[in-house]
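Just so we're clear, the structure is a prediction, and the values are computed from it rather than from any experiment.
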Amino acid sequence: MKLWGKFIPILAGAALVCAVSATPAQAQSTGTITGTVVDATSGRTLESAQVYIAALNMGGLSNASGRFLILNVPAGTHDVRVELIGYAGMSESVSVTAGQTTTMEFRVNSSALRLQELVVTGVAGATPRVKLPFTVDKVDITDSPVPSPSADGLIQGKVAGAKVISGSGQPGESANIMLRGPTSLSGSQSPLIIVDGVITDNTMADIDALDIESVEIVKGPAAASLYGSRAANGVIQITSKRGRSLTTDRNRMIARNEYGKNNIEGSLDVAEYHPYKLTADGQNFADAAGNAIPWGLDMELITGDQKTTFQTNPFPYTFDALDAFYDPGDYYSNYIAAEGKASGTSYRASFTNMHESGVVQNNDGYTRRNFRINVDHEIWDNLDLSMSTYYAQTKQQDIGGDPFFGLTFMSPAVDLTQKDEDGYYVFNPDPTSLEQNPLYETQFFDNWDYNSRLMTSLFVRFRPASWLELEGNYSLDREDRNQSNITPKGYKTEENPEGGLGSINKWNQVENDINASFTASINHAFGDLTTRTKFRYLLEDQHTERFWVTGNDLVVGDVPTLAVAQGGKSTDSDIFDVLAEGYFGIVALDYQGKYI
């Protein structure tokens with residue numbers, strides 16, 4: 001990968017701009033105003049508040065830690081005003097001394113309106129939703145008093161037009177998401193997913209919803225102005241909690257334990273009538289001579305002719321195949337988090353352990369363990385960095401074969417739970433059906449998916465002037481997937497009722513997604529005209545390696561290694577790389593509060 005060779009010009013350009021911008025040319029006659037904007041009720045620091053001196057046409061926006069900085073302010077007394085959508089504006093008078101830094105704190109009172117939330121996805125700068133020329137939905141964690149187990153469930157049923165459909169009923173299965181109508185006959189319809197600045201094509205099923213602060217969804221291609229053609233199907237941007245909502249010098253521990261039972265809502269009625277003869281007492285099925293026999297191929301039709309026979313005889317006895325196949329298991333989740341905020345630093349660390357058994361017999365379901373740590377630190381008044389790291393391990397047992405299909409072909413006169421002399425379910429309890437016992441399939445197959453995932457990102461933000469912000473980002477999303485599918489020796493089929501020799505299949509994929517970007521944001525007011533301009537360079541490097549091997553004819557049972565496979569061994573692998581560079585620019589104009 002040639003990532004660093006392409007990223008060096010970005011770092012060099014950033015260093016040059018920083019060096020030029022840091023020159024204190026007016027230090028002898030001017031001073032600096034810095035401070036914090038906080039919520040008067042909760043003490044939470046507020047981002048993107050506009051702090052300015054109207055008489056001097058100077059000002060800037062508060063950063064992620066609520067800090068603001070106004071450089072080169074002439075010495076003297078000035079009125080400083082702060083405004084933020086959803087809060088009442090306020091002004092304070094301050095005296096500036098040449099060569100000195102004056103510190104302020106604005107405690108603003110809330111008058112929030114839901115319609116006037118600030119949006120940061122796909123725009124030049126934080127913009128009120130009412131001023132956007134395209135549709136952006138925002139889901140806050142407070143909209144979900146009982147959060148879903150994973151991030152994809154947060155937007156299900158909460159975003160108009162968003163389709164969130166699970167690929168199957170298996171626990172831990174990722175959902176398919178479509179934010180707009182189909183955009184391609186053969187290409188992907190999935191939106192681009194961004195988690196704390198990490199651009200990823202992977203699932204959201206392993207991201208804990210309890211770690212999420214908000215989700216922004218751009219349904220149209222507007223976000224392509226910052227993320228390129230990969231964002232043509234829309235963008236889902238996830239922001240995790242970082243401890244910034246706490247008041248300064250406060251730490252907090254959070255623990256949450258959840259337990260539940262799965263349940264099958266309702267049931268399907270089984271067939272009540274059949275076309276076969278019964279014994280004289282009506283308690284058993286009968287052959288041609290009227291002898292009592294079990295359900296099978298020797299049963300005699302009522303009239304002896306298939307063309308003139310109808311299903312008019314009631315079943316002498318029935319078994320509930322659905323009740324035998326389904327076994328609603330339990331669900332539990334253990335979650336603990338620690339967060340805090342000190343002068344210039346905020347953090348949040350969390351750990352989750354969860355398990356869901358599902359509803360099928362002989363299946364262990366899905367287990368997930370994940371750890372996250374987020375840290376924000378303000379090095380200087382105009383320089384801060386943010387770090388996010390997330391690691392997850394998941395284990396999922398797949399349901400082998402197609403037991404749901406076979407279940408629909410089982411007669412209600414057949415007991416699926418009967419076992420053979422070896423202790424296994426009878427593989428073909430219904431001789432009149434071409435399908436196998438679904439319980440036999442779930443008992444015999446041993447299919448597992450083991451995944452591990454690491455996401456990490458680093459942001460560095462530098463504000464050399466009140467109207468200029470420079471941001472560098474480096475992020476990594478690495479996912480290791482391992483799949484093991486074993487058909488044990490002795491597995492019986494219709495073609496091989498004595499049992500086959502079995503097979504083993506191993507599959508591994510390692511995917512590295514590296515993204516790096518450099519962004520320059522320019523926000524300036526010219527009287528009634530406010531301009532927000534953003535220039536961005538984005539580098540995306542995807543590297544994937546896959547390897548799989550198959551072996552047949554296992555000479556030893558219950559030994560899940562390729563060494564016992566004596567026939568039909570095969571291996572294959574592939575490697576592919578995708579490298580993309582993008583250059584983007586956005587200009588937004590606001591005249592007298594109206595978006596142009």
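- For the pair Asn447 (side chain) and Ile486 (backbone), a donor-acceptor distance under 3.5 Å is present.
- Nearest heavy atom pair, residue Pro412 against residue Ala271, reads CG-O, 3.8 Å.
- Expressed to the nearest 0.5 Å, how far CZ of Phe351 lies from CD1 of Ile373 amounts to 14.0 Å.
- Between the side chains of Thr45 and Lys341, a donor-acceptor pair is found at a separation under 3.5 Å.
- Here Asn334 contributes atom CG and Glu258 contributes atom CD; the two are 10.0 Å apart, rounded to the nearest 0.5 Å.
- The shortest non-hydrogen separation linking Pro316 to Leu278 is CD-CD2, 3.9 Å.
- Taking CG of Asn313 as the start and CD of Glu272 as the end, the distance is 13.5 Å to the nearest 0.5 Å.
- If you take CD1 on Ile194 and CD1 on Ile199, they are separated by 5.0 Å, rounding to the nearest 0.5 Å.
- Judged purely by distance below 3.5 Å, without hydrogens or angles, the side chains of Thr200 and Asp477 pair a donor atom with an acceptor atom.
- A side-chain N or O of Gln483 and one of Asp449 form a donor-acceptor pair less than 3.5 Å apart.
- For the residue pair Pro438 and Pro403, the shortest heavy atom distance occurs at CB-O, 3.4 Å.
- Looking at Leu246 and Glu339, their side chains come closer than 4.5 Å, going by heavy atoms from C-beta outward.
- Nearest approach of Ala324 to Thr417, heavy atoms of both residues: CB-CG2, 3.8 Å.
- Annotation: side chain of Ile293 is in contact with side chain of Met299 (closest heavy-atom distance under 4.5 Å).
- Side chains of Thr367 and Lys395: a donor-acceptor N/O pair is absent below 3.5 angstrom, by distance only.
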Set out, in order, the CA-CA distance, both residues' side-chain angles and the distance that settles side chain to side chain contact (heavy atoms under 4.5 Å, CB included) for Arg546 and Phe576, then state yes or no. CA-CA 9 Å; Arg546 293 188 296 191; Phe576 59 90; 4.2 Å; yes
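- Residues Gln361 and Leu439 form a side-chain contact, since some pair of their non-hydrogen atoms from C-beta on lies under 4.5 Å apart.
- For the side chain to side chain contact (heavy atoms under 4.5 Å, CB included) with Gln436, the lone residue among Phe444, Phe409, Phe427 that qualifies is Phe427.
- A salt bridge between Asp208 and Arg368 is present, with a side-chain N of the basic residue lying under 4.0 Å from a carboxylate O of the acidic one.
- When only modelled atom types and interatomic distance are considered, Ser333 and Asn257 share no side-chain donor-acceptor pair under 3.5 Å.
- Note that Lys419 lies in the cation-pi zone of Tyr425, set by a 6.0 Å cut-off to the ring centre and a 45° limit from the axis.
- Remark: side-chain polar atoms of Asn473 are not paired, donor with acceptor, to backbone N or O of Phe459 under 3.5 angstrom.
- Without hydrogens or angle criteria, Asn505 side chain to Ser484 main chain gives no donor-acceptor distance under 3.5 Å.
- Between the side chains of Arg372 and Ser388, no donor N or O sits under 3.5 Å from an acceptor N or O.
- In this structure, Asn353 places its CG atom where more than 12 heavy-atom neighbours from other residues, nucleotides or ligands lie under 6.0 Å away.
- Using modelled atom types, one finds no donor on one side chain facing an acceptor on the other under 3.5 Å when comparing Asn451 with Arg453.
- A distance of 8.0 Å separates CZ in Phe319 from CD in Gln418, rounded to the nearest 0.5 Å.
- Across Tyr331, Tyr366, Tyr332, Tyr259, a single residue satisfies ring pair (Phe, Tyr, Trp, His ring centres under 6.0 Å) together with His355, and that is Tyr332.
- Residues Asp211 and Tyr335 have side chains that bring a donor and an acceptor to within less than 3.5 angstrom of each other.
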List the steps and the verdict of side chain to side chain contact (heavy atoms under 4.5 Å, CB included) for Thr345 and Asp376. CA-CA 6 Å; Thr345 303; Asp376 296 333; over 6 Å; no
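- Taking CG from Leu46 and CG from Asp39, the interatomic distance works out to 5.5 Å, rounded to the nearest 0.5 Å.
- Taking the six-membered ring for Trp and thresholds of 30 and 60 degrees, His274 and Trp295 have ring planes more than 60 degrees apart, a perpendicular arrangement.
- Using a 4.5 Å heavy-atom threshold, the side chains of Tyr317 and Phe285 count as touching.
- Formation of a donor-acceptor pair under 3.5 Å by the Gln566 side chain with backbone atoms of Asp553 is not found in this model.
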Test Leu562 against Ile504 for side chain to side chain contact (heavy atoms under 4.5 Å, CB included), laying out the working first. CA-CA 7 Å; Leu562 288 165; Ile504 183 170; 3.5 Å; yes
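- Remark: the backbone N or O of Asp196 is paired with a side-chain donor or acceptor of Ser457 at under 3.5 angstrom.
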Apply side-chain hydrogen bond (donor to acceptor under 3.5 Å, both in side chains) to the pair Ser240 and Asn374, showing each step before the final yes or no. CA-CA 8 Å; Ser240 62; Asn374 295 335; 2.8 Å; yes
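- A donor-acceptor contact shorter than 3.5 Å links the side chain of Asn363 to the backbone of Gly365.
- Side chains of Leu416 and Met410 form a contact here, defined as non-hydrogen atoms less than 4.5 Å apart.
- You'll find the side chain of Arg256 reaches within 4.5 Å of the side chain of Leu210, heavy atoms only.
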Would Thr389 and Thr456 count as a side chain to side chain contact (heavy atoms under 4.5 Å, CB included) if you check the C-alpha gap in whole Å, the side-chain angles of each, and the deciding distance to 0.1 Å? CA-CA 4 Å; Thr389 299; Thr456 184; 3.3 Å; yes
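- The two residues Thr442 and Ile399 have their closest heavy-atom pair at CG2-CG2, 4.2 Å.
- In this structure, Asp420 contributes its side chain and Gly423 its backbone to a donor-acceptor pair below 3.5 Å.
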Working note: Lys261 + Asp330, criterion salt bridge (charged side-chain N to carboxylate O under 4.0 Å, His left out); need CA distance, chi angles, decisive distance, verdict. CA-CA 4 Å; Lys261 292 286 292 184; Asp330 56 3; 5.5 Å; no
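- Using the six-membered ring where Trp is involved, Tyr450 and Trp448 have ring planes that are parallel, under 30° apart on the 30 and 60° scheme.
- A heavy-atom distance below 4.5 Å is not found between the side chains of Asp415 and Pro429.
- Here the side chain of Asn428 pairs no donor or acceptor atom with the backbone of Glu494 at under 3.5 angstrom.
- In this structure, Gln397 and Asp364 approach most closely via the heavy-atom pair OE1-N, 2.7 Å.
- Side-chain atoms of Asn437 and Tyr424, non-hydrogen and from C-beta on, never get closer than 4.5 Å to each other.
- Residues Phe404 and Phe325 bring their aromatic ring centres within 6.0 Å.
- When only modelled atom types and interatomic distance are considered, His543 and Asn512 share no side-chain donor-acceptor pair under 3.5 Å.
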